[in-house]
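Since the structure comes first, as structure tokens, the remarks are kept for the end.
Each chain gets a letter, A, B and so on, in the order its sequence line appears, and its residues count up from 1.
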Amino acid sequence: MKRKYWAAPYLVWVVGFVVLPLITIGVSAMTDDQGHFTWENLLSIGDPINRQALLFSLAIALGCTVICILLAYPAAMILRSLRLNKRGFAILIMILPMWMNFILRILAWQMILSPNGVLNFLIGKLGAGPLQISNSWIALMIGSVYDFLPFMILPVFNAISDIDEDTIEAARDLGANDRAVFWKVILPLSAPGMISGIIMVFVPAMTSFVIADILGGGKIQLIGNIIEQEFTKSMNWHAGSGLSISLMIFVLISLAFTMKNDLKDKGTTIW
Amino acid sequence: MKKRILLTGLAAVLAAGILWGCGSDKNKETLTVFNYGEYMDPEVLELFEEETGIEVKYEEALTPEEMYSKYSSGAIEYDLLCTSDYMLERLIREGELQPFDMNSLEYGENIGETYWKTAERFDPGNRYVLPYFWGTVGILYDKTKVKKPVDSWEVLFNGEYAGSLIMQNSIRDSYMVALKYLGYSLNTKDEAQIREAQALLLKQKPDVQAYLVDEARDEVVAGNAAMAVVYSGEAYLGKEYNENLEYVVPKEGSNIWLDCWGVTKYCDNTDAAGKFLDFLCREDIAMKNFEYIYYSTPNEAVIENLDESLRTDKTIVPDPEEIENCELYLQLDPDTNKLYNDLWKELKAD
């Protein structure tokens, strides 16, 4: 009985900051200026410009997720092989940047990549011409990967370090080489961690707009930028809400697709 | 089951209370003031509270649109707000501001006649707003990269500085540049003219290094770009950081903007609001704010007391002829707004 009261603050939180906002956005997505019911806002995701932005966001988010997985596995394997005290330090180093505001870190990348920036200075010292990376999708990709990588490394590392050493030794006893151990043992057993990582990288990469604004030089339009424009510049909250809801549905479908085979496993092990 | 419903209901009420219920303490005189970020010396607020005993609750926003969104959500009942000309026009039209007798201000006459006149473009009879700061939009350029002095918007469109120019990441400031270059009014409602501007901006896009807002100035200062479309206040600071920079308002004309204070319809304590407005006009306070912001001030008492170097700086105190072709933004009709929004998305998607 008493336990229910302990849950009250969380209930307030969930109702106030998840349910009510969702209802508000849902209502404004389904109505027009005059408050009449309409499907138009939800369907506007199909407009050529919105669709193009959605597909581009999807491409960026997928690319970012794949790169994060490719970087996270070696990192997690290295972390696993470290002794316990070194491991803690290595993880700390990886989390440390997250203690700083992410916009500041993105602004730092802008300075690194800019025409007169650190990167071009170093390349110039090596005698090569200046690179034009800033204000492009490449810069956007670098920033996104940098920003979201810890969210992939941590769950993947957790899953990998949970694998019993005996399991790996057993595989070796049965004649598996390094490659077979990785593909047949480590990868399948760490899949739940990877799935959490995918969720935590794909979703924010799909919906962010600040990185595109800063590192894309305002020349790249993700679906998040369009939603932001609808809310803050056009002040068309109905269209913005409609696009948000469509995007939410789209993300849910993508995630359902990713997790299709995974729910029977341990569920989510985000940290 | 019933208990759960009750609990959920209670939670909803509590949450609603958290979200909307910021009740105010009626015992002490308070003013809720809404302003742009970094747009007032924090010391000024402290001085005001010390001198009058009126407590100021200070809220900030970044853009006029954000301000309007926050204001119209009704979450906080602001007493006073400072925003830009076209947003004030909208607020006046929608009945959100209450008339205020500007002649009742003891220091109101510090504000120059010209600025009251400019404000009349959207506030006939000067019934609602008090000018605060103003400025222009122009080109900030690096003299080491741009050999010929710039005097026209043409330099942004002729491809000469391709890849090295920065435009404003805001809808009207971008279209304004193209419209003025084409010789049209920046308040045009003629779809053909706006589409012509769009064609020009689409053609220009490959040459644009980036569309930025606050960082535009920094990129020119850092030498990453040859020129940028910026506000005059930003330009002044840019010149402070890098002496090779120059600012010009192109001869075709540009946008002149005027930020003003208005008293909202929610304000009950107009006496306190008046004191606050008067305080802002007082020479020492206006000087403090000027030295914090370095935008052009309409306060003539401040201009008179500026150092020679500042008083003759065209960025801070432009010549009248320089701003002859400049126009204020006026509020557009919904159809034109929608056209702008759609074209802007199209420009960004290209």
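Under 3.5 Å, the side chains of D259(B) and S84(B) contain a donor-acceptor pair of N or O atoms.
Between the side chain of Q209(B) and the main chain of I166(B), no donor-acceptor pair closer than 3.5 Å is present. A donor-acceptor pair under 3.5 Å is absent between the side-chain atoms of Y175(B) and the main chain of I194(B), judged by distance alone. Distance alone, capped at 3.5 Å, is enough to place a donor-acceptor pair between the S57(A) side chain and the I223(A) backbone.
Using a 4.0 Å cut-off between charged nitrogen and carboxylate oxygen, E96(B) and K265(B) count as a salt-bridge pair. Checked for salt-bridge contact, R51(A) and D47(A) miss the test: no charged N lies under 4.0 Å from a carboxylate O.
Within the 4.5 angstrom heavy-atom criterion, only side-chain atoms of E230(A), from C-beta onward, approach chain B. Contacts between F231(A) and chain B at a heavy-atom distance below 4.5 Å involve the backbone alone (N, CA, C, O). Both the backbone and the side chain of N224(B) come within contact range of chain A, with heavy atoms under 4.5 Å apart. Looking at S234(A), the atoms closer than 4.5 Å to chain B (heavy atoms on both sides) sit in the backbone and in the side chain alike. For chain B, no part of N120(A) is nearby; none of its heavy atoms comes within less than 4.5 Å.
Contact count versus chain A (heavy atoms, under 4.5 Å) is highest, among K345(B), K205(B), K348(B), for K345(B). With chain B as partner, the option from T232(A), N225(A), I220(A), N236(A) having the largest number of non-hydrogen pairs under 4.5 angstrom is T232(A).
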